[in-house]
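Written below as structure tokens is the structure these notes are about.
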Number of protein chains: 2
Amino acid sequence: MKKATRFGDARAVRMNDVAQRANVSPMTVSRALSNPEMVSEKTRDKILAAIEQTGYVPNRIAGSLASNRSNTVGLILPSIRNSLFSETIQAAADVLSKKGYLLLIADSGHLVEEEEKLVEAFLGQRVSGMILHNTEHTERTMAMISNSGIPVVESGDLTSHPMDISVSYSNFEASKAMTRYLLDKGYRRIGFVSLLSKNNNRACLRRDGYLSALEEVGVKADEALMIEAGSSLEAGRGALTKLVQLAEKPDAIFFAGDIMAAGAAFECQKLNIRIPDDIAIASFDDLDILQHMSPSITSLQIPRIEIGHEAASIILSRIEGQETSAVTKDLGFNIVERQST
Amino acid sequence: MKKATRFGDARAVRMNDVAQRANVSPMTVSRALSNPEMVSEKTRDKILAAIEQTGYVPNRIAGSLASNRSNTVGLILPSIRNSLFSETIQAAADVLSKKGYLLLIADSGHLVEEEEKLVEAFLGQRVSGMILHNTEHTERTMAMISNSGIPVVESGDLTSHPMDISVSYSNFEASKAMTRYLLDKGYRRIGFVSLLSKNNNRACLRRDGYLSALEEVGVKADEALMIEAGSSLEAGRGALTKLVQLAEKPDAIFFAGDIMAAGAAFECQKLNIRIPDDIAIASFDDLDILQHMSPSITSLQIPRIEIGHEAASIILSRIEGQETSAVTKDLGFNIVERQST
DNA sequence: TTCGATAATGTTACCGCTATCATGACCCAA
DNA sequence: TTGGGTCATGATAGCGGTAACATTATCGAA
């Protein structure tokens, strides 16, 4: 069965066509486009005119094949849907597009096997670099990456053993710091609502940070105060409901991710639980809405834009041949204190 | 100055290498990968083993060049940052990745000139299709697209003259319907907070829908009730503040986009303005948080996921050669009535 | 036995561009 | 005048695959 390629076969204008029209060799056209200064002004003008007339669009596929370079960079996220990432994506895309690079984006659904497939697909596209918002990978993923020789940034967490480049903040330290902050405020029964820890290393690290802070201060962790919830307003409400029904209620709750804290705050409003008098609330990600709620909610400010920006910048400088050997860039975090604690 | 290509020159394994190791011709390897059923099982096993051993990753760039097909689809958004789009992106990515296609995403910053550049870049990559979340384009953009012959979906608004395929809902009708709904509820001084209309056709269409509804019912539009605001919580608060300070206060406000209604609701809380008793509030996009707030906020439910899904599906079927000539797919919208009106 | 259909594999050319080296034009100092 | 430098351009040979056609092996029916 022959596929009816009814579309896409308007035979495209090639460099050769432009060359003929301009009365030069294809090579000169190529130069006029990628190294204009190597071509005399007169010739260049002729060529540009010919391009204009023919509507020529250079075929980067052919160019990439011939030059063994591509102008794409791959980005793999655990979930595109999570709007927290959109600032990171945008920041990366901005930096890259300024240098003529395009961003290939894909979604691993938090699965390392899926990530493996995507890495392979990206390498197949001969991306010039990759950003992985994840620090756990399959053996094969790591083998493929180290084999490829392209710059790769891991950005989900600051890892001590990056494959190549690490640009992030420490989930463990951030979580620990926020817990410390609550402890310093005098809270002692601190609930901890984790993201689903399955397939999510960052969720585990945050929990460990929480536990570590408690331990340092000598507060015994209480399993009953630690629950997991999906990343939604709904789940946040549910978690809050559960925790306030305990016989020994928490005096504060640290929501370790996403939008859960907002859901919980909404639920408090509904249940007439006063924040922070009855219960304090702290959040991990500093979503815009947290500062607008009444009361406004204390949270960790994560350098999301900087991560995208730095990751892309480092990749670019690597591509351009700058050494910048193995890099680990800690972009830190901030505790933004608000009314809720 | 020679660029130090210290990275990326681990000379990659080629199909030829695999072929030699498996004692077959490159062509057989190619077939084993893309049409396995054309190769005998024995040969296929040999080839797969060779691939495994060498860690071969097919070069899609070369494949695309030779076959004149690519496995990428381009998506251009006015702003990646706007989290409203993330569901659309994800839905499209899901559909595409199931068929082995990758998504190139870029951001036009609401500028048609930027869109033009991106379209050119995408065509340069020989994307198999494109999705543009916008219905206004430069002459050149349209020329390039119609020239390319690839399937292109416009998804920002249901337009009567799509370049090729239109998958969306009608901003005009949606806005009009919501305004009608408010009018039917008995509200007569209805404020309208628009997104910045500059470079944003959709914002204008929504405003027109609002005006049209008013006109139909014979309510005279009042300039004082119509203001523009950026798409942020902050801007929503500001808009509300302005409107309630008017001598003749509105009895309802329709926030025609993004997250502004939530900001306004927060502000009401702070100012002790009762919703809907003192003022009713309606929102255009049905963000998750609107249904969780107290009071919950009436809004228009836009088929964001369906748009991504349909757009990608139609493009795929076009690529595969199905006719589906010029398509206009109206995915509609829903008014979700809640406590705020 | 022989021929043609079918399945499995190979050969060749070429996709559209760029790296590399070769060439020609021009200029100036010796 | 001549030789060698510089600048602008051209010719050639791939990049790593795949389309299209060619070839060989295999097998059953005539």
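Labels below follow one simple rule: chain letters A, B, ... track the order of the sequence lines, proteins then strands, and each chain is numbered from 1.
Straight-line distance from the CG atom of A:D17 to the P atom of C:dG16: 9 Å, rounded to whole Å. Rounded to whole Å, the distance from CE on A:M27 to C1' on C:dT20 is 9 Å. Rounding to whole angstrom units, CD of residue A:E41 and C1' of D:dT9 are separated by 17 Å. Atom CE in A:M15 sits roughly 16 Å away from atom P in D:dA11 (whole-Å rounding). Straight-line distance from the CG atom of A:N68 to the P atom of C:dA19: 10 Å, rounded to whole Å. Between the CD atom of A:Q125 and the C1' atom of D:dG16 there is a distance of 14 Å, rounded to whole Å. At whole-Å resolution of the value, CD1 in B:I51 and P in D:dG17 are 10 Å apart. Counting to the nearest Å, the P atom of D:dG17 and the CG atom of B:N35 are 16 Å from each other.
Atoms NE2 and CD, on B:H309 and B:E87 in that order, are 14.5 Å from each other to the nearest 0.5 Å. Note that CE of B:M130 and CG of B:L123 are 4.5 Å apart. Values are rounded to the nearest 0.5 Å.
Phosphate contact (OP1/OP2 of C:dT18, side-chain N/O of A:S30, threshold under 4.0 Å): present. Taking 4.0 angstrom as the limit, B:R69 places none of its side-chain polar atoms (N or O) nearer than this to OP1 or OP2 of D:dT18. For D:dA19, neither phosphate oxygen OP1 nor OP2 lies less than 4.0 angstrom from any side-chain nitrogen or oxygen of B:S67. In this structure, B:S40 does not reach the C:dA7 phosphate: none of its side-chain N or O atoms is under 4.0 Å from OP1 or OP2. Using a 4.0 Å cut-off, some side-chain N or O of B:T28 falls inside it from OP1 or OP2 of C:dG10.
Comparing C:dG10, D:dG10, D:dG16 by their nearest atom to the side chain of B:L65 picks out D:dG16. In this structure, of C:dT9, C:dG16, D:dG16, it is C:dT9 that holds the atom nearest to the side chain of B:M38. Here the side chain of A:T43 is nearest to one of D:dG14, C:dG10, D:dA8, namely D:dA8.
Along DNA chain C, the nucleotide nearest to B:V39 and the one nearest to A:I61 differ in position, and the one closer to the 5' end is contacted by B:V39.
Side-chain N/O atoms of A:R126 and base N/O atoms of D:dG16 include no donor-acceptor pair closer than 3.5 Å. Counting distance only, with no hydrogens placed and no angle test, the side-chain atoms of A:R60 and the base atoms of C:dG16 include no donor-acceptor pair under 3.5 Å.
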Show your working on salt bridge (Lys or Arg N to Asp or Glu O under 4.0 Å) between A:K117 and A:E120 and close with a plain yes or no.
CA-CA 5 Å; A:K117 281 190 215 162; A:E120 181 166 7; over 6 Å; no
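Counting heavy atoms from C-beta on, the side chains of A:L77 and A:N82 never come closer than 4.5 Å. Two residues are said to be in side-chain contact when any heavy atoms from C-beta on lie closer than 4.5 Å; B:I145 and B:D164 fail this criterion.
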